[in-house]
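Everything on this sheet refers to the single structure shown next.
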Number of protein chains: 2
Amino acid sequence: MATIKDVAKIARVSPSTVSRVIAGSDRISQKTKERVRKAMEEVNYVPNAIARSLARSRTRTVGFTLSRRADQAFSNPFFSEVLRGMSSVAQMRDYNILLSISLNEEEEKEKCLRLIRERRVDGLIVSTSRVKDSLIDALLREEIPFVVIGRSADSPVMSVNNDNVQASFQATKHLLKEGYREIAFISGPRELMVSVDRLQGYKQALFEAGIPVEEGRIAETDFSEEGGFQALCAMRESGVAFDAVLASDDLFALGALRFATHYRMDVPEELGILGFNDTPMMSHTHPPLTSVRILSYELGAEAMELLLGGLENPEKWKNQKEIVLPSRLEIRESTRRKGAENEKSHN
Amino acid sequence: MATIKDVAKIARVSPSTVSRVIAGSDRISQKTKERVRKAMEEVNYVPNAIARSLARSRTRTVGFTLSRRADQAFSNPFFSEVLRGMSSVAQMRDYNILLSISLNEEEEKEKCLRLIRERRVDGLIVSTSRVKDSLIDALLREEIPFVVIGRSADSPVMSVNNDNVQASFQATKHLLKEGYREIAFISGPRELMVSVDRLQGYKQALFEAGIPVEEGRIAETDFSEEGGFQALCAMRESGVAFDAVLASDDLFALGALRFATHYRMDVPEELGILGFNDTPMMSHTHPPLTSVRILSYELGAEAMELLLGGLENPEKWKNQKEIVLPSRLEIRESTRRKGAENEKSHN
DNA sequence: CTGTTAGCGCATTCAC
DNA sequence: GTGAATGCGCTAACAG
């Protein structure tokens, strides 16, 4: 592999001149510039990124870490879309992405610190966001440049998040408008910010509508279809009535659909079902699922923009930016009641 | 940040001694070893991976590239599972993963070559595998260490693949056993090896059963639910009869389910439907979908093992290894016919 | 067992 | 404008 010296020799200049040409320095004669360029082509020269990183103390690499838990939390397609968004802007700005998937929060934290201390990356994007997040605390303490996808409960940090409260609020309002009054809420683990926020939007909408919040209608479970199904079964068994389900994840909505089938309840007439994430594969359920569409790709892209901006203009870290992306309710048949708006039911 | 020199000074030894302690060299006295260790802790020393990479000409980083097309091809959860598998063994063997998602094959090829030429990675895992694959050709030409997830049509390369021919063969046999005789096949783009292989298994099973292959029952389309739906509609319109669908991707199976609903065909009685990938979210369709389960996690893990093995024992590249992982047919209601095996139909 | 020397490939002073 | 010298932080001979 050719080095800068080889090029210098061929172009009959010094290595530093070659270096300048690479860097695009201006005070260099057109003639030698040409000669160096030709020499580079001749030996098929490509700068060694490692050597450059060492000399400049910057790697042009950012780390993206994820703990398995978070991966499940946001259902799968979400994850790969975020990655695509990140990758796309990284590519454009000539950065690389170092990926690390951990089993739990503790492992993720160590991985993050290690990547930074070993100087493998210039900054990090983390997608965790718990209510009490030790990872974020650690990153702040070590003054590491990072952006979180999600949001931090206490400390102000650079973050990109979707407006969960607002989305959940609107979703609930939609259900109310369709005439549902006894809306059950299936929550993921409450330690996750996303769960807290979505629950809040739900409560807020009920409050505004003057409908009391029944704790019995709120269930918490792990992210899974089964969890959603069981939660509803439990409610039913304990005699809690509900005519709609706000599922804070599409997986729960799947469970709700199964519940409806199991108990022969008509969706949407007897049970309205609304999910979160608008997983592409799930717009084809029977009936098609109403769901909150999240801008996953944009989430990743914005996070990367934010991080790179901060890395290249360190003073930007001063004005902590928290970006919030809108989401949109995709209304489909699982909540489109015929009985409510107009009394004609055609079955 | 502390360097090896700082540690050396504190432990009153030379930098090379510190380096030896890090490397775990044996011929070094227990006493100085201790002293060095203490010094390292004292200043919280962590070796600079970049400097080490430069000195050793090895980065302990492998690149994983993917073009958007391939990402779609294998439906999404597949992708993140593969990544998890790769990440898990990388972590264990202290390697890092550099991720790059491209828009198309050409871009992916350039990205691969660049990563290698810039010396950012020691080797690559690529998940493309077309019938005529220019990426693989390029990697071979440049003598780059790499492993393919999938397989190469012509050149022998290190690869990890699932046994698509066999899986498709078994799936078809299952349909035949259930009494289906007019089995339609929905294929993805034929330029992909996976499509070719699955089609072959299908044909082979029909052949063994003495059933002629009707080209009219074979459709090719892009990976999407809509594609699957339209393919069947087209068949129906052109008067081709079929009593089962072998969908070479779960997305197609979704389309087939919609087709059945649309034309009020009972599944599995009037139409058997069998998918590929066993996407977790889709075991909850109505009726539950029979599908070929792919070991995605293992695919990623094995690919990484293979690559790292090759990187650390270069002579291993001699005996080109092609690993083939088995898959398993998950039989559910969408193909479990009651009418076929015993004539009692209970509806 | 341990220290000295010499790079790894490039960027960046400081001279001229 | 360009070259020479020095260093980024670590590893790897070569001595002793």
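- Distance CG (A:Leu54) to C1' (C:dC8): 9 Å, rounded to an integer number of Å.
- With rounding to whole Å, A:Arg12 atom CZ is found 11 Å from D:dG3 atom P.
- Ion pair B:Arg130/B:Glu105 flagged as a salt bridge, since at least one NZ, NE, NH1 or NH2 atom sits closer than 4.0 Å to an Asp/Glu carboxylate oxygen.
- We find that NZ of B:Lys9 is positioned 13 Å from P of D:dG9, with the value rounded to whole Å.
- A straight line from CD of A:Glu118 to P of D:dG9 spans 15 Å, rounded to a whole angstrom.
- In this structure, the side chains of B:Leu113 and B:Ile144 come closer than 4.5 Å at one or more pairs of heavy atoms.
- One distance of note links CG of B:Asp6 with CG of B:Asn44; it measures 12.0 Å at 0.5 Å rounding.
- We find that NZ of A:Lys33 is positioned 10 Å from P of D:dG1, with the value rounded to whole Å.
- Here C:dG9 presents its P atom at 15 Å from CZ of B:Arg58, a figure rounded to the nearest Å.
- A salt bridge does not link A:Glu41 with A:Lys38: none of the charged nitrogens is closer than 4.0 Å to a carboxylate oxygen.
- Remark: P of C:dG9 and CZ of B:Arg117 are 17 Å apart, rounded to the nearest angstrom.
- Residue-environment remark: NZ (A:Lys33) exceeds the threshold of 12 foreign heavy atoms within 6.0 Å.
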Report summary line: Per-nt protein contacts along nucleotides 10-16 of chain C (heavy atom under 4.0 Å; B base, S backbone sugar-phosphate only, - none) come out as BBBBB--
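- Here the C1' atom of nucleotide C:dC8 and the CG atom of A:Asp6 are 13 Å apart, to the nearest Å.
- An OP1 or OP2 oxygen of C:dT2 is reached within less than 4.0 angstrom by a side-chain nitrogen or oxygen of B:Thr32.
- Across A:Ile136, A:Leu306, A:Asp133, a single residue satisfies side-chain contact (heavy atoms from CB on, under 4.5 Å) together with A:Val148, and that is A:Ile136.
- Residues A:Ile4 and A:Pro15 approach most closely at CD1-O, 3.8 Å, considering heavy atoms.
- Residues A:Leu311 and A:Val62 have side chains in contact (heavy-atom distance under 4.5 Å, counting atoms from C-beta outward).
- Five base pairs at each end of the helix from C:dC1-D:dG16 to C:dC16-D:dG1 define two local axes, and these are offset by 40° (rounded to 10°).
- By the neighbour-count criterion of 12 heavy atoms within 6.0 Å, atom CZ of A:Arg56 is sparsely surrounded, having that number or fewer from other residues, nucleotides or ligands.
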